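Scroll down for the structure; my scribbles are underneath it.
Quick caveat, the model's predicted, so the values are computed rather than measured. In the text below, chain A, chain B and the rest are named by the order of the sequence lines, each starting its count at 1. All values below were derived from every heavy atom in this structure, side-chain atoms included, with hydrogens, water molecules and symmetry-related copies excluded.
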There are 2 protein chains.
Amino acid sequence: MQSETIENYLKTIYHLSGGNASVVGNKQLADKLNVIPATVTEAVKKLHELKLVVYEKSYGTRLTAAGSKIALTIVRRHRIWETYLAKELGFGWDEVHEIAEELEHIKNDKLIKKLSEKLGHPHFDPHGDPIPDEKGKIRKSNFIKLSEAKVNTSYKITGVTDHSPAFLKYLEKHQLIIGALLSIKNVEAFDNSLLLQCRKKEISVSSKAAECIIVEELPVQTAA
Amino acid sequence: MQSETIENYLKTIYHLSGGNASVVGNKQLADKLNVIPATVTEAVKKLHELKLVVYEKSYGTRLTAAGSKIALTIVRRHRIWETYLAKELGFGWDEVHEIAEELEHIKNDKLIKKLSEKLGHPHFDPHGDPIPDEKGKIRKSNFIKLSEAKVNTSYKITGVTDHSPAFLKYLEKHQLIIGALLSIKNVEAFDNSLLLQCRKKEISVSSKAAECIIVEELPVQTAA
DNA sequence: TTATTATTTTTGGCAGACCAAAAAAATAAA
DNA sequence: TTTATTTTTTTGGTCTGCCAAAAATAATAA
Ligand SMILES: [Mn+2]
Ligand SMILES: [Mn+2]
Ligand SMILES: [Mn+2]
Ligand SMILES: [Mn+2]
């Protein structure tokens with residue numbers, strides 16, 4: 001079977017290519033995987049041999065169907081574990097990623113099946129990221145970044161794109177957690193910071209933070 | 001931190017030395033670890049450098065206090081996971097060992113703590129093996145092998161020493177599972193097979209099987 | 001378009017974990 | 001106590017996954 005290293009390469013290529021099998025560069029991969037570009041060059045050559053990616057010299061790498069399939073099972077394992085750790089074992093959403101980075105490499109289909117079953121086959125992990133099903137299919141949604149949302153419209157937080165403990169703890173402190181309802185009161189012209197209305201309190205968030213928060217527009221409230 | 005390989009060596013040395021830090025040979029280790037003796041020679045030299053074992057050339061290897069401590073944390077992780085898989089996720093006792101062989105290498109103390117907590121801090125795994133506590137201490141018991149048990153005495157099955165799916169399935173078929181009560185009716189002289197009385201049925205088990213079943217003598221029934 | 005910067009590849013090396021075959025040492029049999 | 005057998009070690013090699021430094025390419029800026 002494939003090594004942990006291969007799994008991490010495929011998963012990272014998947015993430016960097018934004019799910020749509022577009023080409024990713026060597027440096028990019030090297031940074032995410034904490035290796036030097038020379039190491040990546042060797043690795044992608046090997047993955048090419050294995051027909052898991054198409055690697056074009058001095059240009060870049062993209063997943064093949066076979067590589068994509070493996071990547072999606074790793075992503076599924078990762079997100080199922082994150083959800084399990086949070087929901088069943090009481091870990092915080094800022095803690096689960098690190099542990100899942102290890103657990104995602106446990107090769108046992110039945111195990112993931114049981115975990116998923118116990119969770120009621122969830123479609124989203126604790127960060128709002130979609131969980132691919134057994135076949136690798138992902139529920140697509142029309143979520144947008146908070147930074148792209150309209151003023152004076154109601155939204156629900158559905159996810160985050162930065163999984164760092166620092167950011168997640170920051171959000172938690174301000175109760176900007178998944179499911180929270182909010183609307184944008186005002187966009188500050190000079191730095192694009194947002195003034196949010198959220199459960200009766202006004203909170204100001206930087207444009208950088210707003211880039212990392214995913215929201216869903218809510219249907220307008222019809223008067224009773 | 002130490003590699004998976006090192007963890008497996010230490011755990012295997014621990015098991016082969018019967019818990020009491022006695023010396024284990026190279027061939028022995030090689031057989032358990034599915035490598036050739038030459039590989040073991042190299043490995044134990046390195047472990048010696050790391051002060052995790054004392055390796056004496058052409059003689060054998062035994063754990064140091066430091067090595068023993070690591071071995072016990074691996075054994076703890078293994079058995080906690082086995083118990084968790086069986087109790088919380090519904091795996092059969094013949095399935096858990098293989099998965100735990102992988103899970104035991106996940107390095108996260110809090111994870112094991114949570115699992116143990118959820119299980120109510122169990123002292124025995126699904127095979128009846130004792131689970132070391134956080135400090136590595138093991139509850140010692142006065143269990144004996146069924147093959148050493150007396151005729152016409154009541155016993156309870158508390159464990160098995162063979163964890164192979166074949167053996168475990170065989171036991172399950174005859175309901176010789178942990179907790180089952182039995183007594184020995186007769187010992188066949190010529191092959192040492194045992195005739196057991198167990199829940200109203202008589203079952204004959206080979207001496208080989210009896211070697212692998214652990215029992216506890218029950219206090220004699222006082223008349224009501 | 002040339003010069004500068006960034007990315008990618010090549011080359012040579014290293015550590016961990018393994019094996020095969022041969023030599024040495026220890027054990028068991030005769 | 002020799003001889004045979006088993007165990008252990010040595011030696012030379014492989015494979016994976018990594019790095020450092022230098023050379024080649026590509027992309028950007030001037
Ligand atoms: Mn994650
Ligand atoms: Mn996630
Ligand atoms: Mn086991
Ligand atoms: Mn066990």
Side-chain angles (χ1 to χ4, degrees), chain A residues 1-18 22-63 67 70-71 74 101-102 104-105 107, chain B residues 1-18 22-63 66-67 70-71 74 101-102 104-107:
Chain A
M1 262 294 101
Q2 71 260 358
S3 68
E4 201 164 311
T5 301
I6 289 183
E7 293 189 341
N8 282 330
Y9 269 88
L10 295 176
K11 187 185 69 162
T12 306
I13 294 168
Y14 174 84
H15 284 316
L16 289 176
S17 64
S22 58
V23 172
V24 303
N26 251 336
K27 173 86 182 345
Q28 237 183 130
L29 262 172
D31 289 346
K32 283 278 177 194
L33 291 164
N34 292 309
V35 293
I36 69 173
T39 303
V40 173
T41 304
E42 283 181 335
V44 292
K45 277 181 186 170
K46 199 175 308 164
L47 290 174
H48 185 102
E49 291 301 307
L50 295 171
K51 298 195 194 299
L52 298 174
V53 305
V54 176
Y55 156 64
E56 282 176 82
K57 190 167 155 177
S58 287
Y59 171 61
T61 305
R62 66 173 195 279
L63 294 174
I70 295 174
I74 310 305
E101 282 295 316
E102 289 191 62
E104 70 188 3
H105 301 291
K107 286 156 197 52
Chain B
M1 263 291 101
Q2 70 260 359
S3 68
E4 202 164 310
T5 301
I6 289 183
E7 293 190 341
N8 282 329
Y9 269 89
L10 295 176
K11 187 185 68 162
T12 305
I13 294 168
Y14 174 82
H15 284 314
L16 289 176
S17 64
S22 58
V23 171
V24 303
N26 252 333
K27 173 87 184 346
Q28 237 183 131
L29 262 172
D31 289 346
K32 284 277 177 195
L33 291 164
N34 293 308
V35 294
I36 68 172
T39 302
V40 173
T41 305
E42 282 183 337
V44 292
K45 277 180 187 170
K46 198 174 309 163
L47 290 173
H48 185 103
E49 291 300 308
L50 294 171
K51 299 196 193 302
L52 298 174
V53 305
V54 177
Y55 156 64
E56 282 176 82
K57 191 167 155 177
S58 288
Y59 171 60
T61 305
R62 67 175 195 281
L63 295 174
I70 295 175
I74 310 303
E101 282 295 317
E102 290 191 62
E104 70 189 2
H105 302 292
I106 304 291
K107 287 155 197 53

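- When each of B/Glu56 and B/Glu42 is assigned the nucleotide of DNA chain D with its nearest heavy atom, B/Glu56 is the one assigned upstream, toward the 5' end.
- Counting heavy atoms from C-beta outward, B/Ile13 and B/Val53 have side chains that approach closer than 4.5 Å.
- A distance-only check finds a donor-acceptor pair linking the side chain of A/Lys107 to the backbone of A/His105 [under 3.5 Å].
- Not one N or O on the side chain of B/Thr61 forms a donor-acceptor pair closer than 3.5 Å with the backbone of B/Tyr55.
- Of the residues in residues 25-36 of chain A, A/Gly25, A/Asn26, A/Lys27 come within less than 4.0 Å of DNA chain C through at least one heavy atom, sorted by number.
- For B/Ala30 against B/Ile36, the heavy-atom pair with the smallest separation is CB-C, 3.9 Å.
- Heavy atoms of A/Thr41 sit under 4.0 angstrom from at least one base atom.
- Between the NZ atom in A/Lys11 and the CG atom in A/Leu16 there is a gap of 11.0 Å [rounded to 0.5 Å].
- Applying a 4.0 Å cut-off to non-hydrogen atoms, the residues of residues 43-53 of chain A that approach DNA chain C are A/Lys45, listed by residue number.
- With a 4.5 Å cut-off on side-chain heavy atoms, B/Arg62 and B/Glu56 count as touching.
- OP1 or OP2 of C/dA17 has at least one side-chain nitrogen or oxygen of B/Thr5 nearer than 4.0 Å.
- The minimum heavy-atom distance between A/Asn8 and A/Leu33, with the atom names listed, is O-CD2, 3.9 Å.
- Here the CG-CD distance, from A/Leu50 to A/Gln2, works out to 9.5 Å after rounding to the nearest 0.5 Å.
- Of all nucleotides in DNA chain D having an atom under 4.0 Å from a heavy atom of chain B, the first and last in 5' to 3' order are D/dT7 to D/dT10.
- Here the P atom of nucleotide C/dA17 and the CD atom of B/Glu7 are 11 Å apart, to the nearest Å.
- B/Thr41 contributes atom OG1, which lies 4.0 Å from atom CG of B/Asn26 (distance to the nearest 0.5 angstrom).
- At least one side-chain heavy atom of B/Val35 sits less than 4.5 Å from a side-chain heavy atom of B/Tyr9.
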